[in-house]
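Just so you know, residue 1 is the first one in the sequence shown, and it goes up from there.
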Amino acid sequence: MDRNFVLFAIVGISILNGLFSPFLAVALPVAAVLMPEVFPRSVGWVLFFSSLLVATATLLVSGVPAALYERLIDRGRGGGVPLAIWLAGAAVLTLPALRGFG
């Protein structure tokens, strides 16, 4: 598989988790505090920033196992295994969001 396709799949899964995650209830008060002052504090903007917060957290947390693998085992050979680990981590973190579709 192409590396760019896998990277876009990781970002897409993270966005999906940001939109439908049950952890949005946790992110709502945090996003209301962290929002920049140039945006109005309406419900729509707070939901947007909380969704962005969850998607970014998914992207970052799912990349930790891939980074550890690349640092400890792969030693910078540049294979596709770290991207596959990153994709699997993002998919596992998105499972609670997909539960609502079934």
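Taking hydrophobic clusters as Ile, Leu, Val, Met, Phe, Trp and Tyr residues chained together by side-chain heavy-atom distances below 4.5 Å, I10 shares a cluster with L16. Hydrophobic clustering keeps V6 apart from L93 (ILVMFWY residues linked when any side-chain heavy atoms are closer than 4.5 Å, directly or through intermediates). Under the 4.5 Å side-chain contact rule for hydrophobic residues, I85 and V92 do not share a cluster. Two different hydrophobic clusters hold V61 and L83 under the rule that ILVMFWY side chains link at heavy-atom gaps under 4.5 Å. In the hydrophobic cluster analysis, where Ile, Leu, Val, Met, Phe, Trp and Tyr join through side-chain heavy atoms closer than 4.5 angstrom, W45 is grouped apart from I15.
Across all their heavy atoms, S62 and A90 have their closest contact at CB-N, 3.3 Å. The shortest heavy-atom contact between D74 and P82 is OD2-CG, 3.9 Å. The nearest pair of heavy atoms linking M35 to P40 is CE-O, 3.4 Å. The shortest non-hydrogen separation linking L53 to A27 is CD2-CB, 4.0 Å.
Within 6.0 Å of atom OH in Y69, more than 12 heavy atoms from other residues, nucleotides or ligands are found, so the atom counts as buried in its surroundings.
Taking the side chain as every heavy atom from C-beta outward, T58 and V54 approach each other to under 4.5 Å.
With hydrogens and angles ignored, the 3.5 Å screen pairs no side-chain donor or acceptor of W86 with any backbone N or O of A67. Between the side chain of S51 and the main chain of L47, no donor-acceptor pair closer than 3.5 Å is present.
Within the model, atoms CD1 of I13 and CG of L98 stand 8.5 Å from one another, a figure rounded to the nearest 0.5 Å.
Not less than 6.0 angstrom separates the ring centroid of F39 from the ring centroid of F48.
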